[in-house]
Amino acid sequence: MSWVSVKDAMGGKPQTSCTVKGWVRTRRDSKAGLSFIHVNDGSCFDNFQIVAPADLANYAEEIQKLTTGCAIEATGTLVESQGQGQSVEMQASDIKVVGWVDDPDTYPVSAKRHTFEYLREQAHLRVRTNTFGAVTRVRDCLAQAVHRFFHERGFYWIHTPIITASDCEGAGEMFRVSTLDIANLPRTPEGAVDFSQDFFGRDAYLTVSGQLNVEGFACALSKVYTFGPTFRAENSNTSRHLAEFWMIEPEIAFANLDDDIALAVDFLKYLFRAVLAERADDMKFFAERIEKTAIERLQHVIDSDFKVVSYTDAIDILTKAKKKFEFPVKWGTDLQSEHERYLTEEHFKAPVVVRDYPKDIKAFYMRANDDGKTVAAMDVLAPGIGEIIGGSQREERLDKLDQRLDEMGLHKDDYWWYRDLRRYGTVPHAGFGLGFERIVQFVTGMANIRDVIPFPRTPGNASF
RNA sequence: UCCCCGAUAGCUCAAUGGUAGAGCGAGCGGCUGUUAACCGCUAGGUUCCAGGUUCGAGCCCUGGUCGGGGAGCCA
């Protein structure tokens, strides 16, 4: 039998017949001889009102026993609603109960307010709530927009490896990947674990970044990006960190830091426009119930000219600021989040790009500037959230790259293929990285990053 | 990982070291073209786990687990 989504039913023509399927959110009985059933199937934020007349064959036996969470299939005629709150509803002629709720008293997602902390323990059911349904749709909208943005501009999506044999990526603690018997590890004569007997014939890890890999593809296909899972084994217990998260990393060839910044600005504006246009229903909910400024702050970023300021000038601004900072402002040290927030929220009152950071606080692959002190790195700071993007122009000159590897005590042999890219037709290139969940957080206003990913993985928690 | 706070009914929270309570949810009934409706009644407890102090521990002490806020690290 054909059926339609709740979204389509609500936009349907009165006096037409259809079937909808979904899960009961609430049921109210009226002694006027009918029940009101609100059904949601995830196709949109709103619930669909089904009017069940008492003369349905299963009215007393089943309809009046429906509780939150039951799955039903309802067939009837669309009519203009006699009540407030919806324009179209269904006058049902047949309602089948597809799945009952085993014990309504202990149904974990009953029709009442729940804390996000509690719902996190019910991650398989929390998506049936208004908030998590909305988060899921917005997350999908953003993911689709990410691919659309790059596709429209001729970028290729590169599936960089999840497993890496490179333990020198330097971006954080890594998860080891191994098939060795932990209870009975093979040993070398010296007593070390013998990874030559492991699956890959050496030690291996889960990736912390696809950047080094994707640089190779940029130096052949010109415009590329990664969008995939990323893993950090850091013992971080914050509302902004996950052990498993999704990261987006574009990389462009024949490009400098200015091109990189322009791309980042376009990218953010594109994503925010997409979500405002496509998920107005969910964004209205976030603005009403989660974060009052959810919509206006996206619009603000879309309408703003991003300010671009050098790190050195940013230090100057912070030094002259009347505000007292907990951490001292000093050239050569990284900006604290309080410093970043001052720049974007108080001084510029707009999104800010800070560029040209001291080389000693940045990674080896960032391109040395002519001043000998700074590198072509940039961070995009947004009001209300702080750092949202980090990127750089990459060092394409082999002698300069080797110099940095030496200075930082890294072994050239470990980077042989990365160095090859500088030996064979090297070109200026640049890119940036952005944590997908942080964008979802910024857009929705959700305070904890664990609530914007379906099944969060954090230290001490890999449930579900 | 560090600092601070917390864990009691399905959920959110009360309870001077002395009989464990309320609201919501659930069940039953009433009322109503209703909107997370409203009114009444009923049921519902290994007080996170393991020890300890005490005549007596939800409450005090020790250790642990998990959660929250902040910090660091970052995306």
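Bear in mind the structure is a predicted one, so any value in this text is a computation, not a measurement. In what follows, chains carry the letters A, B, and so on, assigned in the order in which the sequence lines appear, proteins first and then strands, with residues in each chain numbered from 1. Side chains included, hydrogens not; waters and symmetry mates left out as well; all remaining heavy atoms used.
Shown here are the salt bridge (Lys or Arg N to Asp or Glu O under 4.0 Å) partners of A:Lys362, two or more places apart in sequence or in another chain: A:Asp379. Shown here are the salt bridge (Lys or Arg N to Asp or Glu O under 4.0 Å) partners of A:Arg148, two or more places apart in sequence or in another chain: A:Glu278. Partners of A:Arg450 by side chain to side chain donor-acceptor pair (under 3.5 Å), not counting sequence neighbours: none found. By the salt bridge (Lys or Arg N to Asp or Glu O under 4.0 Å) test, A:Glu437 is found to be paired with A:Arg139, residues two or more places apart in sequence or in another chain being considered. Annotation: ring pair (Phe, Tyr, Trp, His ring centres under 6.0 Å) contacts of A:Phe306 (sequence neighbours excluded): none. Residues satisfying the salt bridge (Lys or Arg N to Asp or Glu O under 4.0 Å) test with A:Asp258, not counting sequence neighbours, are A:Arg355.
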(request) Whenever both distances are under 3.5 Å in a Watson-Crick or G-U wobble pair, mark it; put RNA chain B into dot-bracket that way, with [ ] for crossing pairs and | when the partner is on another strand. (result) (((((((..((((....[..)))).(((((.......))))).....(((((..]....))))))))))))....
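Nucleotides B:G23 and B:C38 are separated by 16 Å at their C1' atoms, to the nearest Å. Rounded to whole Å, the C1' atom of B:A26 lies 43 Å from the corresponding atom of B:A71. Taking the C1' atom of each, B:A36 and B:G25 are spaced 11 Å apart, rounded to whole Å. To the nearest whole angstrom, the two C1' atoms, one in B:C4 and one in B:A22, are 29 Å apart. The gap from the C1' atom of B:U54 to that of B:C48 amounts to 23 Å, rounded to the nearest Å. The P atoms of B:U19 and B:U47 are separated by 15 Å, rounded to the nearest whole Å. Straight-line distance between the C1' atoms of B:G45 and B:A20: roughly 8 Å, to the nearest whole Å. To the nearest whole angstrom, the two C1' atoms, one in B:G68 and one in B:G27, are 34 Å apart.
Distance, A:Phe36 CZ to B:U32 P: 13 Å, rounded to whole Å. Here B:C74 presents its C1' atom at 11 Å from CD of A:Glu340, a figure rounded to the nearest Å. Distance OH (A:Tyr118) to P (B:U8): 12 Å, rounded to an integer number of Å. The CZ atom of A:Arg25 sits 18 Å away from the C1' atom of B:U34 (whole-angstrom rounding). Rounded to a whole Å, the CD atom of A:Glu121 is 14 Å from the P atom of B:C48. Summarising the geometry, the separation between CD on A:Gln441 and C1' on B:C74 is reported as 13 Å, rounded to the nearest angstrom. The CZ atom of A:Arg27 sits 13 Å away from the C1' atom of B:A37 (whole-angstrom rounding).
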(request) Start with the C-alpha gap between A:Arg28 and A:Ser30, add the side-chain angles, then the distance that decides, and say whether side chain to side chain donor-acceptor pair (under 3.5 Å) holds. (result) CA-CA 7 Å; A:Arg28 289 178 297 279; A:Ser30 169; over 6 Å; no
(request) Under the salt bridge (charged side-chain N to carboxylate O under 4.0 Å, His left out) rule, what do A:Lys21 and A:Asp41 come out as? Steps first, then yes or no, please. (result) CA-CA 7 Å; A:Lys21 307 183 184 191; A:Asp41 70 349; over 6 Å; no
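For NZ of A:Lys269, the number of neighbouring non-hydrogen atoms (other residues, nucleotides, ligands) closer than 6.0 Å is greater than 12. Within 6.0 Å of CZ in A:Phe217 there are 12 or fewer heavy atoms belonging to other residues, nucleotides or ligands. The local environment of CZ in A:Arg176 is crowded, with over 12 non-hydrogen atoms from other residues, nucleotides or ligands closer than 6.0 Å. Residue-environment remark: CZ (A:Phe175) exceeds the threshold of 12 foreign heavy atoms within 6.0 Å.
Near RNA chain B, meaning a heavy atom under 4.0 Å from it, residues 47-61 of chain A has A:Gln49, A:Val51 in order of number. Within residues 452-464 of chain A, the residues approaching RNA chain B are A:Gly460, A:Asn461, by heavy-atom distance under 4.0 Å.
A:Gln122 contributes no side-chain N or O that forms a donor-acceptor pair with the base of B:G10 under 3.5 Å.
Within the 4.0 angstrom heavy-atom criterion, base atoms lie near A:Arg289. Residue A:Leu242 is in base contact, counting any heavy-atom pair closer than 4.0 Å across all strands shown. Nucleic acid contact for A:Thr230: none, since no nucleic acid atom lies under 4.0 Å from a heavy atom of the residue. Within the nucleic acid shown, A:Gln86 comes within 4.0 Å of at least one base atom, counting heavy atoms only. Residue contacts shown for A:Thr67 are limited to sugar-phosphate atoms, with no base heavy atom under 4.0 Å away. Within the nucleic acid shown, A:Gly390 has no heavy atom closer than 4.0 Å to any nucleic acid atom.
Per the stacking criterion (ring centres < 5.5 Å, plane angle < 30°), A:Phe245 stacks onto the base of B:A75.
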Scan nucleotides 68-73 of chain B against the protein and return all N/O pairs shorter than 3.5 Å with their distances rounded to 0.1 Å.
{"unit_1": "B:G68", "atom_1": "OP1", "unit_2": "A:Arg120", "atom_2": "NH1", "d": "2.0"}
{"unit_1": "B:G68", "atom_1": "OP1", "unit_2": "A:Asn448", "atom_2": "ND2", "d": "3.4"}
{"unit_1": "B:G68", "atom_1": "OP2", "unit_2": "A:Arg450", "atom_2": "NH1", "d": "3.2"}
{"unit_1": "B:G72", "atom_1": "OP1", "unit_2": "A:Gln336", "atom_2": "OE1", "d": "2.5"}
{"unit_1": "B:C73", "atom_1": "O2", "unit_2": "A:Ser236", "atom_2": "OG", "d": "3.2"}
{"unit_1": "B:C73", "atom_1": "O2", "unit_2": "A:His241", "atom_2": "NE2", "d": "3.3"}
{"unit_1": "B:C73", "atom_1": "N3", "unit_2": "A:His241", "atom_2": "NE2", "d": "2.9"}

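Seen from the ring of A:Phe442, A:Arg297 counts as a face-on cation partner, given the 6.0 Å and 45° thresholds.
In this structure, the side chain of A:His147 does not engage the main chain of A:Gln144 through any donor-acceptor pair within 3.5 Å. Side-chain atoms of A:Thr344 come within 3.5 Å of backbone atoms of A:Ala350 as a donor-acceptor pair (strictly under, hydrogens ignored).
With the nearest nucleotide of RNA chain B identified for both A:Leu34 and A:Lys65, A:Lys65 has the one nearer the 5' end. Ranked by how close their nearest RNA chain B nucleotide is to the 5' end, A:Asp29 and A:Asp103 are led by A:Asp103.
Taking 4.0 angstrom as the limit, A:Arg28 places none of its side-chain polar atoms (N or O) nearer than this to OP1 or OP2 of B:U35. For A:Ser30 and B:U32, the shortest distance from a side-chain N or O to OP1 or OP2 is not below 4.0 Å.
For A:Phe364 and A:Tyr415, the distance between ring centers is under 6.0 angstrom.
In summary, of the residues considered (A:Arg25, A:Met10, A:His38, A:Gln86), a side chain to side chain contact (heavy atoms under 4.5 Å, CB included) with A:Phe48 occurs for A:Met10 alone.
Pairs engaging residues 80-109 of chain A under the salt bridge (Lys or Arg N to Asp or Glu O under 4.0 Å) rule: A:Asp94-A:Lys96 [sequence neighbours left out].
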(request) Between protein and nucleotides 40-47 of chain B, map the contacts as a letter string: B base, S sugar-phosphate only, - none, heavy atoms under 4.0 Å, written 5' to 3'. (result) --------
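Between the side chains of A:Arg367 and A:Asn256, no donor-acceptor pair is found at a separation under 3.5 Å.
Taking the side chain of A:Thr26 as heavy atoms from C-beta on, and the options B:A36, B:U12, B:U32, the nearest nucleotide is B:A36.
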